[in-house]
Asks: 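Got a structure for you, written out below as structure tokens; questions coming shortly.
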2 protein chains.
Amino acid sequence: MTSNPSAGPRPADRPRRLPDLNALELLVTVAETGSLGRAAARLGISQPAASERMNLLERRLGLQLVHRSTTGSRLTDTGVVVNDWARQVLEAAQALAEGVDALVSRQDGRLQIAASLTLAEHLLPGWLVTLRTLSPGVHVGLQVANSQQVIEAVRRQDADLGFIESPATPRDLRTAVVAHDRLVVVTAPGHPWTRRKQPLTGAELASTPLVLREAGSGTRDTLQRALRAWNGPCEPVLELGSTTPLRAAAAGGAAPAVLSQLAVADDLAARRLVEIPTTDDLALQRTLRAVWRKDTELTDPAQHLLRITRRS
Amino acid sequence: MTSNPSAGPRPADRPRRLPDLNALELLVTVAETGSLGRAAARLGISQPAASERMNLLERRLGLQLVHRSTTGSRLTDTGVVVNDWARQVLEAAQALAEGVDALVSRQDGRLQIAASLTLAEHLLPGWLVTLRTLSPGVHVGLQVANSQQVIEAVRRQDADLGFIESPATPRDLRTAVVAHDRLVVVTAPGHPWTRRKQPLTGAELASTPLVLREAGSGTRDTLQRALRAWNGPCEPVLELGSTTPLRAAAAGGAAPAVLSQLAVADDLAARRLVEIPTTDDLALQRTLRAVWRKDTELTDPAQHLLRITRRS
DNA sequence: CGAGGTCATAGGCACAACTTATCGCGTGCC
DNA sequence: GGCACGCGATAAGTTGTGCCTATGACCTCG
């Protein structure tokens with residue numbers, strides 16, 4: 001089985017209560033409109049409902065967030081701070097919503113795109129949010145696959161635009177660089193490699209059993225190419241098509257993992273994983289590219305999206 | 001009144017439904033445990049409740065996320081993608097929860113910290129999340145104020161550790177650099193400055209009415225210092241103690257604003273605001289610092305937090 | 001072939017949250 | 001100075017959502 005039965009590194013900080021996104025949205029809207037009533041109207045609920053919802057939020061958090069007056073409502077000092085945190089959460093939620101929308105309209109979107117997993121997970125939602133704020137009319141359809149399959153989809157015209165992370169760039173398609181990424185070697189915090197003084201060499205990495213993405217994925221391709229001089233990576237301990245269980249396995253101490261910087265940023269920040277420096281002769285950088293057919297002109301929305309991606 | 005009555009740049013994409021954070025948490029837990037039942041147990045709900053919740057999530061999103069079998073549940077391909085987006089949202093939500101916790105225990109925390117608004121809003125929650133995962137026992141109390149007041153709080157020993165963004169570093173306190181920041185000039189997308197070919201000069205900026213943070217804030221101090229050679233910024237159009245309405249005012253076209261890069265990153269990405277390049281002689285960089293008393297040894301948790309901040 | 005795991009279904013209950021209607025109260029206009 | 005308007009709070013009633021326990025159907029493995 002692929003799933004780790006004894007997984008579950010989180011001990012027992014469970015009693016934490018998650019906030020209600022609708023309440024957070026209300027807070028943000030009150031901050032913008034300056035009134036509970038106007039906020040209620042904009043959110044399409046009645047004024048008492050907004051009043052009640054805000055009360056509930058304040059009671060749950062144990063903080064007074066808005067200062068009510070007969071002329072309207074203003075945020076308190078703590079309200080200002082919480083409001084900004086709330087905006088971060090809503091931003092992420094909006095990215096999720098945008099991505100889900102695109103996944104749902106995989107067929108009927110006006111703009112069909114295909115993206116590799118890493119790109120779809122970490123970069124695309126943000127781009128889609130921007131695209132929507134700039135031109136709300138476009139309906140995007142998203143298909144997620146590994147880099148090889150993305151290329152095929154673009155060739156077959158199943159997708160107007162593709163995003164790949166593989167080092168192999170097909171000659172029969174137009175490409176544009178949209179971002180840069182780097183693979184990093186990560187281990188559990190207690191791993192012997194974390195106490196190394198010298199950077200990890202290609203030979204060492206190539207001879208160590210790892211947990212890896214599946215063959216055909218851009219991540220695996222890049223690693224394979226980087227370790228070619230040392231006869232590729234040896235047989236992996238575990239091989240999976242998604243990063244979440246890989247991260248869990250690595251964090252659990254199963255074996256080192258090689259993953260995109262984008263995929264492990266959170267875990268590194270939270271010290272669930274530790275990055276192991278490598279020698280410079282290991283070419284673990286990679287370029288994320290957009291690809292499209294040479295013979296067809298890019299549609300307007302496709303051009304728009306491409307412009308957005310190239311600015312970040 | 002300070003709030004903008006006609007504010008509300010969002011037109012009418014309201015019908016978007018926000019996901020339920022508990023459902024998202026269930027999704028990532030299923031991904032980790034590989035079973036609805038185990039996920040239910042970990043979240044402290046019954047197995048049927050988890051089953052139902054997951055069904056509801058799938059119906060709401062219009063996507064099949066998990067593949068149920070008699071041996072357990074695994075994520076579908078789209079489930080893997082959505083799972084990763086969900087983790088982002090939860091990460092932000094956890095940061096919010098951590099921050100709220102700290103605000104609530106402003107008095108009874110074992111580690112008392114005080115931070116300026118920009119730091120508290122954008123950097124601190126992430127640090128607190130890390131701190132909690134590393135040493136779950138510590139209770140942090142957070143007080144938010146402007147840089148001047150933070151310094152006072154540390155002097156009075158109301159706070160063990162302070163975080164400031166002001167260019168003036170008090171001589172009677174120990175300091176450590178924790179991050180770097182930069183002020184940026186931003187305008188609404190249609191503003192004449194967005195069509196400039198030449199970078200904005202200090203003289204121009206100094207003679208233009210702006211929307212600004214209040215005096216005493218680190219942001220205002222930095223700007224004042226940078227524009228000293230041109231006799232400081234002229235009388236502001238609007239002066240506020242928080243960034244949200246400032247951003248709204250700037251995005252609405254009221255006047256250019258000068259704000260922390262951290263505060264406007266989202267708006268820049270979404271093209272709600274545009275950054276105006278400035279000449280190099282404008283010293284808009286600034287250093288974010290931790291401060292504490294020279295005469296008292298830092299407590300263990302305080303040292304821990306400081307170590308965390310210095311790695312990012 | 002039985003035991004133990006999985007998830008789904010059914011029935012019943014509780015509470016959370018929304019609605020409409022109304023009130024109290026400041027502000028500002030005339 | 002008085003009156004109307006807009007704000008938020010309160011009240012009462014209803015709906016619906018989500019949870020629990022109990023049970024059933026199914027697959028897998030020993």
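Chain letters run A, B, ... following the sequence lines, proteins first, then strands; residues in each count from 1.
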Asks: For a 4.5 angstrom cut-off between non-hydrogen side-chain atoms, does A/Arg220 reach A/Glu239?
Replies: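 The answer is yes; the side chains approach within 4.5 Å.
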Asks: Between B/Val144 and A/Asp77, is the side chain to side chain contact (heavy atoms under 4.5 Å, CB included) condition met? List the steps.
Replies: CA-CA 8 Å; B/Val144 179; A/Asp77 289 351; over 6 Å; no
Asks: Quick one: how far along DNA chain D does chain B reach, first to last nucleotide 5' to 3', anything under 4.0 Å to a heavy atom?
Replies: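 In short, chain B contacts DNA chain D from D/dG18 to D/dT28.
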Asks: Any chance the side chains of A/Thr71 and A/Ser69 put a donor and an acceptor closer than 3.5 Å?
Replies: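 Their side chains do contain a donor-acceptor pair, which is all the 3.5 Å distance test asks for.
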Asks: Report yes if some heavy atom in the side chain of B/Leu26 is under 4.5 Å from a heavy atom in the side chain of B/Leu57; otherwise report no.
Replies: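 The answer is no; the side chains never approach within 4.5 Å.
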Asks: Is there side-chain contact between A/Glu32 and A/Val28, with at least one heavy-atom pair below 4.5 Å?
Replies: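 They are in side-chain contact.
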Asks: Once rounded to the nearest 0.5 Å, what's the spacing between atom CG of B/Leu117 and atom CG of B/Leu124?
Replies: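 The CG atom of B/Leu124 is 11.5 Å from CG of B/Leu117, to the nearest 0.5 Å.
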Asks: How many Å lie between CD on B/Glu58 and C1' on C/dC7, as a whole number?
Replies: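 Interatomic distance, CD of B/Glu58 to C1' of C/dC7: 12 Å.
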Asks: Does the protein touch nucleotides 25-30 of chain C at the base, only the backbone, or not at all? Give it as B, S and - per nucleotide, heavy atoms under 4.0 Å.
Replies: BBS---
Asks: Between the side chain of A/Arg74 and the main-chain N/O of A/Gly72, is any donor-acceptor distance below 3.5 Å?
Replies: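 Not at all, since once roles are kept as given, no pair shorter than 3.5 Å links the two residues.
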Asks: I'd like to compare against my own output: the B/S/- annotation of nucleotides 9-20 of chain C with a strict under-4.0 Å heavy-atom distance to protein.
Replies: B-------SSBB
Asks: Can a salt bridge be assigned to the pair B/Glu25 and B/Arg42 using a cut-off of 4.0 Å between side-chain N and carboxylate O?
Replies: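 Salt bridge between B/Glu25 and B/Arg42, a charged N being under 4.0 Å from a carboxylate O: no.
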Asks: Report the C-alpha separation of A/Leu21 and A/Leu90 in whole Å, then their side-chain angles, then the decisive distance to 0.1 Å, and conclude whether the side chain to side chain contact (heavy atoms under 4.5 Å, CB included) test is met.
Replies: CA-CA 7 Å; A/Leu21 284 189; A/Leu90 290 171; 4.3 Å; yes
Asks: Any non-hydrogen side-chain atom of A/Asp84 less than 4.5 Å from a side-chain atom of B/His122?
Replies: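 In contact.
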